[in-house]
Amino acid sequence: MPTHGSLSKAGKVRSQTPKITAEVKVSPSPKTRSRRNYEKRMILQRKPGQNWM
């Protein structure tokens, strides 16, 4: 069974891509999280899970 592309070219694009340092993510304060959850659950009437509509 033939391979899709040669193994000599494996990883070519990834090694050429410049490395970008990750940004520091700041998690919201507990008060902000609670407020967002309240808005989602009570005001928008969204149910838990992926099928929230």
Side-chain angles (χ1 to χ4, degrees):
M1 191 159 153
T3 60
H4 186 76
S6 64
L7 289 176
S8 62
K9 296 180 182 178
K12 176 178 179 289
V13 174
R14 184 175 181 181
S15 62
Q16 289 178 341
T17 307
K19 178 70 175 169
I20 299 173
T21 56
E23 294 181 8
V24 177
K25 294 182 181 179
V26 179
S27 59
S29 63
K31 182 178 179 180
T32 308
R33 277 184 49 222
S34 298
R35 182 69 188 170
R36 292 289 302 197
N37 286 339
Y38 171 78
E39 289 175 358
K40 270 199 266 187
R41 294 173 188 164
M42 303 299 166
I43 298 174
L44 300 176
Q45 295 290 310
R46 290 188 176 173
K47 303 290 186 251
Q50 290 182 326
N51 300 321
W52 49 265
M53 291 184 110

Original post:
Of Ser34, Pro28, Ser29, which meets side-chain contact (heavy atoms from CB on, under 4.5 Å) against Lys31?
Top reply: Ser29
**OP:** Check Arg46, Glu39, Gln45 against Ile43 for a side-chain contact (heavy atoms from CB on, under 4.5 Å) and give me the one that passes.
**Re:** Glu39
**OP:** State the CZ-NZ distance between Arg36 and Lys40, to the nearest 0.5 angstrom.
**Re:** 6.5 Å
Original post:
How long is the span from the CZ atom in Arg14 to the NZ atom in Lys19, to the nearest 0.5 Å?
Top reply: 8.0 Å
